[in-house]
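Below: the structure, in structure tokens.
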Amino acid sequence: MFNNTNAFKRSFLRYFLLVFTVIYTNVTFAQTAQKGWVGTWGTARQLVEPNNMAPAPGLANNTIRQLVAVSIGGKKIRLKFSNEFSKAATTLKKVQIAVSKGGSAIDESTTKTLMFNGKEEVTMEPGVEITSDEISFKLTPRMQVAITIAYGQVSETVTGHPGSRTTSYILPGNQTGANTDYSAAVKTDHWYTVIGIDVQNKSKKAGAVATFGDSITDGRGSGTNKQNRWPDIFSMELLKDNATKDVGVLNMGIGGNAVLRGGLGPYALSRFEHDVLNQAGIKWVIIYEGVNDLGGKRDSTMAYRTASDLIAAYEKMIGQAHAKGIKVYGATIMAFKGNSYYNKHSEGARQKVNEWIRNSGKFDAVIDFDKTLRDPADPEMLLDSAQSGANDHLHPNEQGYVMMGKSIDLNLFK
């Protein structure tokens with residue numbers, strides 16, 4: 001009888017916790033929707049590799065100013081920070097946001113200090129992500145803002161996003177005072193800790209689209225500090241149309257990322273929930289990933305199996321997104337002949353996957369990047385004028401990213 005009673009108590013406790021979690025989650029999502037929160041900028045978090053860690057003097061007890069370009073505007077914002085892949089606690093002693101004037105310069109009159117449950121300082125334990133309290137801030141579309149973080153203790157393993165294509169500035173000590181001179185700051189082209197900005201936008205047309213992919217979405221081959229990755233170009237196109245001007249674009253690309261296993265950062269299937277499904281105001285996702293899974297497969301059996309596994313992974317992500325009412329658009333994998341990834345087996349697998357993307361009917365729509373950038377004279381190659389180098393033939397250049405961003409049908413987001 002005693003054992004049965006304890007078992008009943010344990011079962012009841014598990015049931016209570018499950019119900020509480022479901023109710024709490026639904027209430028949180030409902031409150032987010034009611035307040036009109038929409039993602040305006042985001043980056044995919046990952047464990048920062050040793051060669052991409054902040055240069056001396058480092059982050060601990062020092063200050064970093066990081067620049068990001070948002071997509072849509074609004075009058076209230078909140079920021080997200082992550083210690084997800086860190087093994088020790090990280091303390092943010094003070095965090096400020098201001099309008100960037102280019103480089104390390106800011107408009108001091110726009111500076112706002114973020115609060116976390118009413119306090120300036122916050123400590124993130126390992127595996128934790130936090131969101132700041134909402135603040136009033138006049139954010140305009142495509143505005144570049146500077147996020148200045150004064151750190152206390154910092155985990156030796158850092159969560160961030162190495163592929164920023166944007167310069168950050170590090171100074172020793174707490175440099176969050178007014179009119180700080182950043183002329184002697186150490187520069188590094190990486191982001192650390194900050195992973196997102198949400199804006200309050202109550203327009204019925206408002207929503208966010210996550211661009212989910214690898215280095216091509218992350219922007220390898222685009223211009224440093226130019227904010228001209230294909231998701232940036234796409235965002236600019238959305239802003240030109242009155243019916244889509246309230247659609248935020250979140251870049252969830254990771255250089256070297258794979259869908260199934262291996263690669264850099266958490267593989268796509270494992271990060272899809274966090275990077276797509278749980279974003280504020282998310283209504284659409286463009287899935288453009290798979291080349292790092294296909295590349296270099298050296299026999300037909302392995303290539304065929306990988307293609308089949310990719311298709312199954314796409315179907316799984318489509319099902320997860322549809323269950324939350326999110327539309328899923330599939331982008332075809334672009335040509336890579338001339339790159340070390342290319343051989344007849346990997347090319348055959350690419351063709352198999354693209355045929356499924358175009359014709360299976362599983363996606364809500366298809367964005368044919370392959371057709372946009374392939375060379376008509378050799379469809380297994382990228383246009384030479386649109387690819388990023390003689391030894392690359394995989395990543396687009398700045399012109400190629402413009403072509404990609406402008407090729408997307410805006411009617412899909414109305």
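Residues: numbered from 1 along the sequence shown. Just so we're clear, the structure is a prediction, and the values are computed from it rather than from any experiment.
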Testing the basics here: between [X] and [Y], what is the closest heavy-atom pair and its distance to 0.1 Å?
{"X": "Thr140", "Y": "Val70", "answer": "O-CG2, 3.6 Å"}
{"X": "Ala280", "Y": "Ala208", "answer": "O-CB, 3.8 Å"}
{"X": "Ile216", "Y": "Tyr401", "answer": "O-CE2, 3.1 Å"}
{"X": "His322", "Y": "Lys362", "answer": "CE1-O, 4.1 Å"}
{"X": "Arg271", "Y": "Ala44", "answer": "NH1-CB, 3.7 Å"}
{"X": "Ala206", "Y": "Lys283", "answer": "O-NZ, 2.7 Å"}

Establish, from distance only, whether the side-chain atoms of [X] and [Y] form a donor-acceptor pair under 3.5 Å.
{"X": "Thr90", "Y": "Ser155", "result": "no"}
{"X": "Glu129", "Y": "Ser82", "result": "yes"}
{"X": "Thr159", "Y": "Glu84", "result": "no"}
{"X": "Asn83", "Y": "Ser86", "result": "yes"}
{"X": "Asn292", "Y": "Tyr341", "result": "yes"}
{"X": "Arg65", "Y": "Thr148", "result": "yes"}
{"X": "Thr167", "Y": "Asp189", "result": "yes"}
{"X": "Lys93", "Y": "Gln153", "result": "no"}

Enclosure of [X] [atom1] (heavy-atom neighbours >12, cutoff 6.0 Å):
{"X": "Phe85", "atom1": "CZ", "result": "yes"}
{"X": "Glu273", "atom1": "CD", "result": "no"}
{"X": "Asn391", "atom1": "CG", "result": "no"}
{"X": "Lys76", "atom1": "NZ", "result": "no"}
{"X": "Lys371", "atom1": "NZ", "result": "no"}
{"X": "Asn117", "atom1": "CG", "result": "no"}

Quiz item: Under the side-chain hydrogen bond (donor to acceptor under 3.5 Å, both in side chains) criterion, do His395 and Asn339 qualify, and how do the steps go?
Solution: CA-CA 10 Å; His395 301 93; Asn339 186 271; 5.8 Å; no
May I ask you to decide whether [X] forms a salt bridge with [Y], counting only side-chain N to carboxylate O separations under 4.0 Å?
{"X": "Arg142", "Y": "Asp232", "result": "yes"}
{"X": "Glu237", "Y": "Lys240", "result": "yes"}
{"X": "Lys344", "Y": "Glu347", "result": "no"}
{"X": "Lys35", "Y": "Glu134", "result": "yes"}

Let me confirm one number: the [atom1]-[atom2] distance from [X] to [Y], rounded to the nearest 0.5 Å.
{"X": "Thr113", "Y": "Asp133", "atom1": "OG1", "atom2": "CG", "answer": "12.0 Å"}
{"X": "Ile130", "Y": "Arg78", "atom1": "CD1", "atom2": "CZ", "answer": "13.0 Å"}
{"X": "Arg305", "Y": "Leu260", "atom1": "CZ", "atom2": "CG", "answer": "12.0 Å"}
{"X": "Asp375", "Y": "His393", "atom1": "CG", "atom2": "NE2", "answer": "10.5 Å"}
{"X": "Thr193", "Y": "Leu92", "atom1": "OG1", "atom2": "CG", "answer": "6.5 Å"}
{"X": "Tyr342", "Y": "Arg350", "atom1": "OH", "atom2": "CZ", "answer": "8.5 Å"}

Exercise. For a side chain to side chain donor-acceptor pair (under 3.5 Å) with Thr332, tell me which candidate from Asp370, Thr372, Asp368 qualifies.
Key: Asp368
For the backbone of [Y] and the side chain of [X], can you confirm whether one donor and one acceptor N or O come within less than 3.5 Å of each other?
{"X": "Ser71", "Y": "Ser235", "result": "no"}
{"X": "Thr110", "Y": "Val99", "result": "yes"}
{"X": "Asn62", "Y": "Gly58", "result": "yes"}
{"X": "Asp293", "Y": "Ala258", "result": "no"}
{"X": "His161", "Y": "Arg45", "result": "no"}
{"X": "Ser100", "Y": "Ile106", "result": "no"}
{"X": "Thr211", "Y": "Leu250", "result": "yes"}
{"X": "Asn174", "Y": "Ala150", "result": "no"}
{"X": "Asp214", "Y": "Asn257", "result": "no"}
{"X": "Ser360", "Y": "Ile357", "result": "no"}

How about [X] and [Y]: do any of their side-chain heavy atoms sit closer than 4.5 Å?
{"X": "Val328", "Y": "Ile287", "value": "yes"}
{"X": "Trp41", "Y": "Val194", "value": "yes"}
{"X": "Leu277", "Y": "Ile326", "value": "yes"}
{"X": "Leu394", "Y": "Gln387", "value": "no"}

Quiz prompt | side-chain hydrogen bond (donor to acceptor under 3.5 Å, both in side chains) between Asn52 and Glu49, worked out | solution = CA-CA 5 Å; Asn52 288 322; Glu49 308 96 322; 3.0 Å; yes
Self-check item: Contact list for residues 104-115, test salt bridge (charged side-chain N to carboxylate O under 4.0 Å, His left out), sequence neighbours left out
Solution: none
Quiz item: Among Val186, Ile147, Thr188, which one satisfies side chain to side chain contact (heavy atoms under 4.5 Å, CB included) with Ser168?
Solution: Thr188
Exercise. Could you check Lys226, Arg165, Arg229, Arg220 and say which one makes a salt bridge (charged side-chain N to carboxylate O under 4.0 Å, His left out) with Glu398?
Key: Lys226
Quiz item: Once the angle between the rings of His190 and Tyr192 is folded into 0 to 90°, is it parallel (under 30°), tilted (30 to 60°) or perpendicular (over 60°)?
Solution: perpendicular
Quiz item: Any idea how Phe81 and Phe116 line up, ring-wise: parallel (<30°), tilted (30 to 60°), or perpendicular (>60°)?
Solution: perpendicular
Practice problem: Test Phe212 against every option in Tyr288, Phe272, Tyr329, Trp284 by the ring pair (Phe, Tyr, Trp, His ring centres under 6.0 Å) rule and name the one that passes. | Solution: Phe272
Practice problem: Begin from the C-alpha positions of Lys94 and Gln175 and carry the test side-chain hydrogen bond (donor to acceptor under 3.5 Å, both in side chains) through to its verdict. | Solution: CA-CA 10 Å; Lys94 192 171 186 177; Gln175 303 293 342; over 6 Å; no
Self-check item: Stepwise side-chain hydrogen bond (donor to acceptor under 3.5 Å, both in side chains) test for Thr166 and Asn225
Solution: CA-CA 5 Å; Thr166 306; Asn225 294 317; 4.6 Å; no
